[in-house]
Each structure stands twice: as structure tokens, then as C-alpha cells.
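In the text below, chain A, chain B and the rest are named by the order of the sequence lines, each starting its count at 1. Only a predicted model underlies this, so the values are computations on that prediction, with no experimental measurement involved.
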Amino acid sequence: MNRGARKNMGIVSERTDRKRVRRAEVVCGSGCSHVALTVPCRSLARDVALEVCSACAKCRAMPEDPSIEGAEVVCRVDPPTSSGPRLKDLDVVEAALRTPVGEVVSAEAVALERDVPVTVATKLGRDRGLPAIAVIDEDKKPTAVVTWSELVEAAGTNATVGDVGRPLAAAYAVDGPLLHVLPALADGTVGYAVVVGRDGTFYGLLEAADVARWLARRAGYDL
Amino acid sequence: MTTVAEIMNPKLLYIRDGDCLASARTQILRFRVTAVPVLDDTHRPVGMLSLRDLSNDDEPVKISTPAATVKASASVEEGARKLAESSFHHLVVVDDKGVAVGMASAVDFLRAILGLEPRHPAAFDPY
């Protein structure tokens, strides 16, 4: 059962799906922080607020504390309309073509406004164990990424993440196929890909490790 | 079955347990890697040192222990699982005696499962 479920309507004989609660945090230069908790909704093909998810007729369980890491919701899944192949039976390329990026990207997203000092970003990245952090503009659209190389090289200076971030080379749609992101990750130049929502706002960083996790699950490992 | 030995980078950039950790920072930045294993006198991994570990100027540098390892003979899928379960983005590859023989990154696993050839830096200078 999902962690910390507070309601379960007890309906059996139906297919259910677990969805990880997404935690998106934006940190501003003055130190303020705004956190949004959402759930990726397959029916609506977008992320929805927890209140919307909870009010949905398909909702079967909500987490007691949605802010804890690993919190999940449980919802009813409509039966498949066709008897197509299951993802795990497909070869990896076909499976990656059918899997949206949003299903693989980490459930925790942290973004920094460009005037956040490097010292703040370094502490945040260390405390959260982040491999890289996106820098966003006033419209919440990603403009750059700071990695540990930039943060360590700029240590002891008054630089901001806007000063040291690597300009964004490409961004990938959250509802686009995972297959489109794989060449960039497999290239190895950077270990992440920036993912954006339909409106171009920052959604998350997809890491090669996220894809490794997806691959391991497909191979049958319970992660 | 593709094994980790076939996809790893056999050129191992490492530091020895007891080396000056602060000086490792220069090397890590120079070679544009994000972490290096820390090996003991018998070449067995005892931890990892990452740029993240080196980023805290307020405290003495500490290595992350234990190192995340995988056997060279393990399958790529098993290695991907170990990587996914760890908090690292690299695994130290060890032989049957636990001696470090290479490094495998998330990108290495990704390339392997996509059927791409391994791709690594040509060489590390002596360190």
C-alpha cells in the first residue's frame, strides 16, 4: 500500500496505479521559497494540484503527508481499449518511444531564480543531494543549469547562479517521448536534460540515473 | 548478456586513502569528472569523493562512505539496478577480490542498453 494513505475506498477488482507526488520548489534570491505539490494525471495528460486529484472520481487513496519524499496517490486506471503489447515486452527503443518523459523524470524539481547567490545554491544542492540545478527567468522558463563544477569553481565569490550557469542548449517536452531525450543523455557531455511543461516553464531535470532506474524497472527489478 | 566489464571505463582516476583531499579538487575539476573513488593500499574502494563533498568550505572535507560498487562480471541490468539504488551517479567496478578495476556511470549503462558503443575520455594523465 502506498505510504501514509489516509483514505481507501476499498473497491476491489479494478486496476489501480500509483503516482508519485511531485514537489516543485522555486528559490528566489532573497531566500524565499515556493513549493508546489502536484500529481501527474494520465487522464488529463498534465500535472494537477492535489485538491483536483483528491476530488476526482478515480481517486482511491491520498497520502497522509504529501510533502514527504516518496508520497504517492492511488487512482483507478481505465481498462486498456486495445490489447497492445505491454511496455516490458517491447524492446527498449519502442518502450522509450511510448513512455512520456514525465513518467521518468524525478518527482522532485528545484529551480533557482538567477539572482540566487552561489553560496545559497551550493548549500541547497548539498542538503538535497542535487546533481545540478536549473536557473529560471521571471516567467519560470529555464535559461541555464548550474552543476557542481560551476558551484565549486565559484566558491568564495559573490557570484550568482545567473552569472555562472551554463546557458541552456535544449529543453524537452514533459509529454514528449523519452526516446527523444535519450541521444542527449547518452552523448555523455552532460548528465541531465532539462524538461519543460507545455507552456515552456521548468518541469524538472531528467538525469541519466533516472533513465537507468527506468531501465532497471523494465528489467524486472523492484525499485 | 552484456557485463559491466564491457561498458566500464577501465582508466581509473582515483585518490588514495590518506591523500590530501583538498588537492583532489583541482584534479577533479581538471579532468571534468564529478567524483573519484578513494582506494586503500590494496586498491580496494573505501569511499567516494565528489565535487559536492568538496563544496563545503565551512567543514573539513569528508569522503562519502562506503563506495557504491558493482562486480565487473555483473550484468548491465544488475548494474543499472545498483546504480538506481545508490545515491551516486557512478559505481566503482571491482573484480571478484574486491579490487577496483574501473568506473561505470549512468551514461555508460544508458549507452549499453541502447546498444551504443562505450565512450570514455581517451586517457587520464598520471595522477
*Taking all atoms of both residues into account, what is the closest heavy-atom pair of A212(A) and L83(B), and its distance?*
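Of all heavy-atom pairs spanning A212(A) and L83(B), the closest is CB-CD2, 4.1 Å.
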
_For the student: nearest non-hydrogen atoms of S55(B) and V152(A), plus distance_ =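 So the two residues come closest at CB-CG2, 4.2 Å.
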
*Under the 3.5 angstrom rule, does the side chain of R119(B) hit a backbone N or O of D187(A) as a donor-acceptor pair?*
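Present.
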
*Near D41(B) CG, under 6.0 Å, is it more than 12 heavy atoms from other residues, nucleotides or ligands?*
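No, because the 6.0 Å sphere around CG of D41(B) holds 12 heavy atoms or fewer from other groups.
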
*Flag yes if more than 12 heavy atoms outside R44(B) fall under 6.0 Å of its CZ atom; otherwise flag no.*
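Yes.
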
_Part of residues 129-136 of chain A lying next to chain B, heavy-atom separation under 4.5 Å_ =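 So the qualifying residues are G129(A), L130(A), P131(A).
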
*asked:* Sub-4.5 Å heavy-atom contacts with chain B: which residues of residues 201-210 of chain A show up?
replied: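 Within residues 201-210 of chain A, the residues under 4.5 Å from chain B are E207(A), A208(A), A209(A).
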
*Of the backbone (N, CA, C, O) and the side chain (C-beta and beyond), which part of L151(A) lies under 4.5 Å from a heavy atom of chain B, both, or neither?*
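Neither part, no heavy atoms under 4.5 Å.
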
*Side chain from CB out, backbone as N, CA, C, O: work out which of these in V211(A) comes under 4.5 Å of a heavy atom of chain B, or both, or neither.*
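Side chain of V211(A) only, per the 4.5 Å heavy-atom cut-off to chain B.
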
As an exercise, state the distance from [atom1] of [X] to [atom2] of [Y], rounded to the nearest 0.5 Å.
{"X": "R213(A)", "Y": "E85(B)", "atom1": "CZ", "atom2": "CD", "answer": "10.0 Å"}
{"X": "L51(B)", "Y": "R126(A)", "atom1": "CG", "atom2": "CZ", "answer": "12.5 Å"}
{"X": "R111(B)", "Y": "L185(A)", "atom1": "CZ", "atom2": "CG", "answer": "11.5 Å"}

*Output the option from A155(A), G125(A), S149(A) having the highest count of non-hydrogen pairs under 4.5 Å with chain B.*
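Option with the top pair count is S149(A).
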
*Residues which pass ring-ring contact (aromatic ring centres under 6.0 Å, His included) with H43(B), listed by chain and number, not counting sequence neighbours*: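 H43(B): ring-ring contact (aromatic ring centres under 6.0 Å, His included) contacts with Y14(B).
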
Side-chain atoms of residues 115-122 of chain A: list all donor-acceptor pairs with protein atoms under 3.5 Å, sequence neighbours left out, distances to 0.1 Å.
unit_1	atom_1	unit_2	atom_2	d
D115(A)	OD1	G29(A)	N	3.3
T122(A)	OG1	V118(A)	O	2.8

_Need one label for T34(B): side chain, backbone, both or neither, based on atoms under 4.5 Å from any heavy atom in chain A._
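Neither part.
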
